[in-house]
Number of protein chains: 2
Amino acid sequence: MIRGDGGKTLRAILDQICNKWTLLVVATLERSRVRFTDLQHQIPGISQRMLTLTLRNLERDGLVSRTVHAEVPPRVEYELTPMGRSLIPPALALAGWAMQHVPAIEASRAAYADRAETSSQAANRT
Amino acid sequence: MIRGDGGKTLRAILDQICNKWTLLVVATLERSRVRFTDLQHQIPGISQRMLTLTLRNLERDGLVSRTVHAEVPPRVEYELTPMGRSLIPPALALAGWAMQHVPAIEASRAAYADRAETSSQAANRT
DNA sequence: CAGCATCCTTGGCGATACTG
DNA sequence: CAGTATCGCCAAGGATGCTG
């Protein structure tokens with residue numbers, strides 16, 4: 001059963017975890033503690049805004065810990081909490097599935113596009 | 001490693017699979033073939049539009065098959081393909097993780113809110 | 001019943017500029 | 001360096017009405 005409570009809380013949380021950026025940030029943090037700027041560089045398409053928001057949400061949910069070093073220039077490091085690390089296996093399972101099925105999915109999409117094109121051509125015949 | 005190719009194709013597919021509605025539709029179809037209207041009823045918050053779009057994408061990607069019965073009134077049934085069924089385990093792994101950690105996450109959120117409130121009160125002190 | 005087309009609102013997100 | 005604040009765009013998605 002995928003719905004435990006009314007469904008809405010679980011769905012909201014799933015939605016947030018499944019987020020494009022969340023998974024990437026978690027995956028990047030898997031290896032070690034990383035600074036803000038390094039994260040930004042290691043995750044190509046992400047904007048500063050989205051990185052900040054994603055990190056705030058992860059911190060808020062207890063998946064990531066934030067450490068501020070009182071130095072000049074300031075340094076902030078992010079790290080997975082134990083709970084954050086526990087997300088890695090299921091996340092990798094899903095990512096693995098996706099990676100494994102990319103070719104099949106693309107083939108299916110191509111076939112689908114062909115079908116659509118063909119049928120529209122048939123419809124155009126007068 | 002979560003990025004296999006350039007990263008963009010995989011990310012697009014992951015993004016679509018991870019979609020709020022996609023996971024719910026797949027989960028609902030796990031049990032058996034289901035008609036359009038039944039799906040709509042079994043997935044509380046979904047609009048007709050989103051159900052249609054989600055099903056089209058799943059069909060297009062080869063995860064769901066669509067069967068039209070030539071009857072009056074018309075009847076259309078949706079069913080997972082083998083590839084669609086193969087998505088179930090990793091999807092359940094993630095959903096299971098979420099379900100398992102809902103309490104911890106909510107607790108963390110509450111604590112985070114408290115902290116924010118407290119510090120803003122401290123800032124307000126004159 | 002199933003589902004496409006249209007309109008319209010919401011808010012996600014990038015870009016930019018400013019602070020500690 | 002590591003953010004927060006603000007603006008503006010665009011796409012996601014809900015509501016409604018029409019067809020096969």
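So that the names make sense, note that chain A is the first sequence line, chain B the second, and so on, each numbered from 1.
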Whole-Å distance separating the [atom1] atom of [X] from the [atom2] atom of [N]:
X     : N      : atom1 : atom2 : value
B:R66 : C:dC4  : CZ    : P     : 7 Å
A:L51 : D:dT4  : CG    : P     : 11 Å
A:E71 : D:dG3  : CD    : P     : 14 Å
B:L24 : D:dG13 : CG    : P     : 13 Å
A:D15 : D:dA12 : CG    : P     : 15 Å
B:L53 : D:dA12 : CG    : C1'   : 10 Å
B:H41 : C:dC1  : NE2   : P     : 8 Å
B:Q16 : D:dA11 : CD    : C1'   : 15 Å

Nucleotide nearest B:P73 when distance is taken to its side chain, options C:dC1, D:dC1, D:dT4: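 Selected nucleotide (nearest to the side chain): C:dC1.
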Check whether A:S108 reaches the backbone of A:I105 with its side chain - one donor and one acceptor, N or O, closer than 3.5 Å.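 Flag not set: sc A:S108 to bb A:I105 has no pair under 3.5 Å.
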From [X] atom [atom1] to [Y] atom [atom2], the distance as rounded to the nearest 0.5 Å:
X     : Y     : atom1 : atom2 : answer
A:Y78 : A:L39 : OH    : CG    : 8.0 Å
A:R49 : A:T54 : CZ    : OG1   : 10.5 Å
B:L24 : B:N19 : CG    : CG    : 9.0 Å

Let me know which of A:H41, A:R75, A:Q48 forms a side-chain contact (heavy atoms from CB on, under 4.5 Å) with A:F36.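 Result: among A:H41, A:R75, A:Q48, A:Q48 is the only option passing the side-chain contact (heavy atoms from CB on, under 4.5 Å) with A:F36.
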With sugar-phosphate taken as primed atoms, P, OP1 and OP2 and all else as base, the protein-contact string of nucleotides 12-20 of chain C at under 4.0 Å (heavy atoms; B, S, -) is -BB-----B
For A:R35 and A:E77, run salt bridge (charged side-chain N to carboxylate O under 4.0 Å, His left out): C-alpha distance rounded to whole Å, both residues' side-chain angles, the deciding distance at 0.1 Å, then the answer. CA-CA 4 Å; A:R35 312 180 46 167; A:E77 290 184 324; 5.7 Å; no
